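Everything on this sheet refers to the single structure shown next.
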Amino acid sequence: MTDEVYTTDDPPRRYRPARRVEQPADEQPALLTEDLQGVSAAYGEALLFIGYEVEGSIEIVVYPRYRFSSDDRVQGYLGYLWVQAGTSWEAILPSVDAIVQLAQSNYRTAVSLRASELRAHGSRFEQAYNAVTDIFRESWHGFALRLGRYGSVTREGATFTGRPPGPVLVTWRDATYTLMVFDTGSICLVTGDQRRRFQ
């Protein structure tokens, strides 16, 4: 038997209460106010830019705080909302969550389809992907408007047929591809006419 004493210099552990502390009943909910115009705020996996009032509503642009590394996005933002000043953040944030969730779903779809096409078609698909997406990467919005107006655009050896925001048929080097650019900015390109897949 020993006379050792087991002691420690560490401070005693603190325990959290079993339930959350309730907010005072008279506390007012946080509101979107006009003085927040021009402010950026981090929220979960999103960065919110609170824009300026136009005709009674304030634009909130939702940007990603994480990188979309594999889907070659065509725009920096994920989506946007128009909200009236005085709306509670409790009412606004579920819409932000929905935009982020949709963006993540579209991102996963784009990455999965690209990987699948690369496995199936190799460098031929990779060349087509790079050539087709390079044509409109700097200004998908302008390109989509032109397509919507004329229904068909030929540029740099590729012919695009369709009306965004739906899927677009692309002919490049005697092969057909289906292009889908999601509203959240992710690009999908698949071999053949697969427009039904995106409708």
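None of the values given here were measured: they were computed from a predicted structure.
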Of all pairs that satisfy ring pair (Phe, Tyr, Trp, His ring centres under 6.0 Å), the ones with a partner from residues 39-65, not counting sequence neighbours: none
Residue list, salt bridge (charged side-chain N to carboxylate O under 4.0 Å, His left out) with R65, at least two apart or on another chain: none
T87 versus Q84, closest heavy-atom pair with distance: OG1-O, 2.7 Å
Those residues that, when tested against D97, pass salt bridge (charged side-chain N to carboxylate O under 4.0 Å, His left out) (two or more places apart): none
Minimum-distance pair of heavy atoms, taken over all atoms of G192 and T178: O-OG1, 2.6 Å
By side chain to side chain contact (heavy atoms under 4.5 Å, CB included) - contacts of L36 (at least two apart): L32, T33, I50, W89
Donor-acceptor pair between S112 and R108 side chains, under 3.5 angstrom: no
Residue among T159, T191, L169 satisfying side-chain contact (heavy atoms from CB on, under 4.5 Å) with T176: L169
By salt bridge (charged side-chain N to carboxylate O under 4.0 Å, His left out) - contacts of R195 (at least two apart): D193
T161 vs V168 side-chain heavy atoms within contact, under 4.5 Å: no
M180 and V190, any side-chain heavy atoms less than 4.5 Å apart: no
All pairs passing ring pair (Phe, Tyr, Trp, His ring centres under 6.0 Å) where residues 159-191 contributes a residue, at least two apart: F143-F160
